[in-house]
Amino acid sequence: MASVPVVIALSIVFLVLNYFYASKLTQRALNQNQTNRPTNKMANQQLRAKIEATIKEFPVVVYSKSYCPYCQRTKALLRSLDVEGLKVFELDTLGDEGKQIQDELYEITGQRTVPNIFIGGKHIGGNSDLQQLESSGKLKDLLKEAGAL
């Protein structure tokens, strides 16, 4: 039967080896991520280009979250007007990319909240801005200019 000091010594050796092995694995994983991924700046530029291309391609673009009541009102209003070329992104269903898109939209527009609405390539704002355009009678004109009606 092993004595208590031997058991303690072996336990310490095991813990130290386990720590160093885990550290090596963590460092190796970090190194792989650094070499296989583009830099954050490059990734942000690519994401911004993708967002800007989408905003130019579609007459109406809404960045939304599926559970957001303001987003639901926005989508309901646009659908009730039979808007053509409506592109909706549900950011909460896109995982990490959804968060990255929302962060980049903040850099582009200064708006962190959703819905984040673009009509005819121009940033409109959020739901209250869209509802105000509707109640003032300007929304349909804006949608016609964008080719969405």
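Start at 1 with the first residue, then count along the sequence.
- Separating the CZ atom in Arg79 from the CG atom in Leu86 is a distance of 6.0 Å, to the nearest 0.5 Å.
- Two residues are said to be in side-chain contact when any heavy atoms from C-beta on lie closer than 4.5 Å; Glu107 and Leu47 fail this criterion.
- For the 3.5 Å distance criterion, the side chains of Lys75 and Ser64 qualify, holding a donor opposite an acceptor.
- In this structure the side chain of Phe118 reaches within 4.5 angstrom of the side chain of Thr109, judged on heavy atoms.
- Lys99 is listed as a side-chain neighbour of Asp103, based on a closest heavy-atom distance under 4.5 Å.
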Could you walk me through whether Lys87 and Glu57 satisfy the side-chain contact (heavy atoms from CB on, under 4.5 Å) test, starting with their C-alpha distance in whole Å, then the side-chain angles of each, then the deciding distance to 0.1 Å, before giving a yes or no? CA-CA 10 Å; Lys87 181 70 174 174; Glu57 179 181 352; over 6 Å; no
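- Classification of Lys50 and Glu97 as a salt-bridged pair holds, one side-chain N sitting under 4.0 Å from a carboxylate O.
- Taking the side chain as every heavy atom from C-beta outward, Thr54 and Tyr63 approach each other to under 4.5 Å.
- One hydrophobic cluster holds both Phe58 and Ile108 under the rule that ILVMFWY side chains link at heavy-atom gaps under 4.5 Å.
- Side-chain contact check for Asn127 and Gln131: at least one donor-acceptor pair (N or O, by modelled atom type) lies under 3.5 Å.
- Contacts of Lys56 classified as side-chain hydrogen bond (donor to acceptor under 3.5 Å, both in side chains), with partners at least two apart in sequence or in another chain: none.
- Rounded to the nearest 0.5 Å, atoms NZ (Lys122) and CD1 (Ile55) are 13.5 Å apart.
- Atom-to-atom distance recorded for Ser80:OG and Arg73:CZ is 14.0 Å, nearest 0.5 angstrom.
- For Gln111, the side-chain hydrogen bond (donor to acceptor under 3.5 Å, both in side chains) partners two or more places apart in sequence, or in a different chain, are His123.
- Here Gln45 contributes atom CD and Glu104 contributes atom CD; the two are 9.5 Å apart, rounded to the nearest 0.5 Å.
- Once rounded to the nearest 0.5 Å, the distance linking CG of Leu130 with CG of Leu77 reads 5.0 Å.
- Hydrophobic clustering places Val62 together with Val83 (ILVMFWY residues linked when any side-chain heavy atoms are closer than 4.5 Å, directly or through intermediates).
- Annotation: side chain of Ile117 is not in contact with side chain of Asp129 (no heavy-atom distance under 4.5 Å).
- In this view, Gln132 satisfies the side-chain hydrogen bond (donor to acceptor under 3.5 Å, both in side chains) rule with no residue, not counting sequence neighbours.
- Side-chain atoms of Thr74 and Val114, non-hydrogen and from C-beta on, never get closer than 4.5 Å to each other.
- With a 4.5 Å cut-off between side-chain heavy atoms of Ile, Leu, Val, Met, Phe, Trp and Tyr, the cluster of Tyr67 takes in none.
- Residues Val88 and Leu133 share a single hydrophobic cluster, defined by chaining ILVMFWY side chains whose heavy atoms lie under 4.5 Å apart.
- Each of Val60 and Phe89 belongs to its own hydrophobic cluster when Ile, Leu, Val, Met, Phe, Trp and Tyr are linked at side-chain heavy-atom distances under 4.5 angstrom.
- Legend: residues meeting side-chain hydrogen bond (donor to acceptor under 3.5 Å, both in side chains) with Asp92, ordered by chain and number and at least two apart, are Ser66.
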Identify all side-chain donor-acceptor contacts of residues 139-149 below 3.5 Å with residues at least two apart in sequence or on another chain.
none

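- Considering only heavy atoms from C-beta on, Tyr106 stays 4.5 Å or farther from Asn116 through its side chain.
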